[in-house]
Amino acid sequence: MVITAPKPPPTQPIAPEADATGAPPLVLRLSPVIQFTEEQFADFCELNSDLRIERTATGELEIMSPTKGYTGSKELKAATQLEIWASRHRGGMAFGPTAGFTLPNRAMRSPDASWVSLSRLSQLTPEDENRFLPVSPEFVVEVRSLTDRLTILQAKMREYIANGVQLGWLIDTLTRRVHIYRPNQEVEILQDPQTISADPTLPGFTLDLTEIWDPWHNLRTQNQE
């Protein structure tokens with residue numbers, strides 16, 4: 001079943017029913033009292049490695065607690081499938097949820113899974129490799145957990161696309177929907193898909209969603225055999 005959703009304007013109010021289970025991240029507003037350099041920001045994140053920290057385009061720090069419950073496993077399964085494809089494709093590199101990217105608008109984001117082509121990676125300097133990569137991935141995945149506000153993740157997906165991402169998947173494990181984002185296109189929503197293809201952005205990559213909807217699927221199946 002495919003549901004086409006119009007692209008909401010940036011000022012669209014939050015729908016309470018969509019975010020009943022979600023909570024916003026803790027936001028630290030530092031500017032103009034404190035203005036981190038890129039190196040200082042990286043050091044701050046390293047000193048607080050038990051937290052998930054991102055930076056908005058305006059310099060605010062968004063602090064989130066570590067992933068709870070099965071969401072960590074679901075993120076890993078998505079990133080693992082992407083890495084297996086990337087290692088065979090050899091046209092770029094896959095990254096997991098601990099990798100940070102500094103987007104053209106200066107926001108630093110850490111998608112749950114992402115892929116960057118060799119053509120974009122080749123533009124980086126050796127110094128870039130030891131900091132948050134100043135590049136936009138071509139492909140990103142965000143997996144919604146029980147504590148994530150849907151509207152915040154949707155805004156993040158729009159930010160990715162506005163900063164050069166060619167394909168983005170927002171996997172909502174609460175409603176079993178996948179929101180598909182592409183440049184200059186309306187958001188496409190799939191209800192309870194079992195697989196999803198990234199063609200033509202990532203030729204041949206298909207994500208098996210079975211274990212993301214149900215992380216115990218394989219274990220149950222094996223025990224029943």
Side-chain angles (χ1 to χ4, degrees), residues 22 24-25 41-42 45 49 51-57 60-68 70-87 89 91-118 120-121 124 128-129 131-174 177-183 187-189 196-198 201-202 205-209 212:
F41 175 55
C45 293
S49 57
L51 299 174
R52 301 181 66 176
I53 302 173
E54 294 186 341
R55 183 181 63 197
T56 69
E60 298 172 336
L61 302 188
E62 296 181 342
I63 300 178
M64 296 151 280
S65 62
T67 301
K68 299 180 179 65
Y70 292 135
T71 305
S73 175
K74 296 175 182 181
E75 294 173 355
L76 179 60
K77 290 179 186 301
T80 298
Q81 290 185 51
L82 180 60
E83 167 58 25
I84 291 172
W85 172 87
S87 64
H89 184 266
M93 293 183 64
F95 297 86
T98 59
F101 298 91
T102 301
L103 306 180
N105 68 350
R106 291 200 71 253
M108 193 286 285
R109 299 299 184 187
S110 298
D112 294 324
S114 56
W115 182 84
V116 186
S117 68
L118 290 179
R120 291 192 180 184
L121 291 173
L124 302 179
D128 291 334
E129 298 177 5
R131 56 181 179 175
F132 299 125
L133 295 180
V135 65
S136 290
E138 275 93 341
F139 172 66
V140 299
V141 179
E142 292 283 0
V143 180
R144 184 190 183 193
S145 70
L146 186 65
T147 57
D148 288 328
R149 279 197 174 181
L150 180 59
T151 47
I152 291 177
L153 290 177
Q154 289 171 326
K156 188 180 294 186
M157 299 303 293
R158 294 194 296 271
E159 180 183 55
Y160 285 137
I161 297 299
N163 281 271
V165 172
Q166 297 302 301
L167 176 63
W169 292 345
L170 169 52
I171 301 175
D172 188 346
T173 59
L174 279 65
R177 289 181 174 180
V178 178
H179 303 239
I180 303 173
Y181 290 76
R182 303 181 184 91
V187 180
E188 181 183 2
I189 302 176
I196 183 172
S197 171
T201 306
L202 278 64
F205 176 57
T206 298
L207 181 68
D208 181 357
L209 287 154
I212 295 177

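- Judged by distance alone, the side chains of Gln81 and Asp208 never bring a donor and an acceptor atom under 3.5 Å apart.
- With a 4.5 Å cut-off on side-chain heavy atoms, Glu142 and Tyr160 count as touching.
- Remark: Phe41 CZ to Arg131 CZ distance equals 13.0 Å, nearest 0.5 Å.
- Atom-to-atom distance recorded for Met108:CE and Cys45:SG is 4.5 Å, nearest 0.5 angstrom.
- Ring-centre distance between Trp169 and Phe139: below the 6.0 Å cut-off.
- Listed here is the closest heavy atom pair of Pro111 and Ala99: CD-O, 4.3 Å.
- The shortest side-chain heavy-atom distance between Leu207 and Ile212 falls under the 4.5 Å cut-off.
- With Gln166 contributing its side chain and Gly164 its backbone, the two residues share a donor-acceptor pair below 3.5 Å.
- Here the options are Arg52, Arg144, Lys77, Lys74, the test is salt bridge (Lys or Arg N to Asp or Glu O under 4.0 Å), and the partner is Asp112; only Arg52 passes.
- Asp148 places a side-chain N or O within donor-acceptor distance of the main-chain N or O of Ser145, the cut-off being under 3.5 Å.
- Counting only heavy atoms from C-beta outward, the side chains of Thr206 and Ile196 never approach each other to under 4.5 Å.
- Judged by distance alone, with hydrogens and angles left aside, the side-chain atoms of Ser136 form a donor-acceptor pair with the main-chain N or O of Asn163 at under 3.5 Å.
- To the nearest 0.5 Å, atoms CD (Glu75) and OG1 (Thr98) are separated by 10.5 Å.
- Side-chain contact check for Glu159 versus Leu103: some heavy-atom pair is nearer than 4.5 Å.
- When every heavy atom of Ile161 is checked against every heavy atom of Val165, the shortest pair comes out as CD1-O, 3.4 Å.
- Counting only heavy atoms from C-beta outward, the side chains of Val187 and Ile180 never approach each other to under 4.5 Å.
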Would Met157 and His179 count as a side-chain contact (heavy atoms from CB on, under 4.5 Å) if you check the C-alpha gap in whole Å, the side-chain angles of each, and the deciding distance to 0.1 Å?
-> CA-CA 9 Å; Met157 299 303 293; His179 303 239; over 6 Å; no
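- A side-chain contact (heavy atoms from CB on, under 4.5 Å) with Arg109 holds for exactly one of Thr56, Thr102, Val140; it is Thr56.
- Taking a cutoff of 4.0 Å between a charged side-chain nitrogen and a carboxylate oxygen, Glu60 and Arg55 do not qualify as a salt bridge.
- For the ring pair (Phe, Tyr, Trp, His ring centres under 6.0 Å) test with Trp115, the passing option among Phe101, Phe95, Trp85 is Trp85; the others fail.
- Side-chain contact between Leu82 and Val141 is absent, with no heavy-atom pair separated by less than 4.5 Å.
- Under a 3.5 Å cut-off, the side chain of Glu54 and the backbone N or O of Ser110 do form a donor-acceptor pair.
- Counting non-hydrogen atoms of other residues, nucleotides and ligands closer than 6.0 Å to CE of Met93 gives a total of 12 or fewer.
- Checked by atom type and distance alone, the side chain of Ser87 pairs as donor or acceptor with a backbone atom of Ile84 at under 3.5 Å.
- Between Leu146 and Leu174, some side-chain heavy-atom pair lies under the 4.5 Å cut-off.
- Counting heavy atoms from C-beta outward, Gln154 and Leu170 have side chains that approach closer than 4.5 Å.
- One finds the CG atom of Leu153 at 11.0 Å from the CZ atom of Arg158 (value rounded to the nearest 0.5 Å).
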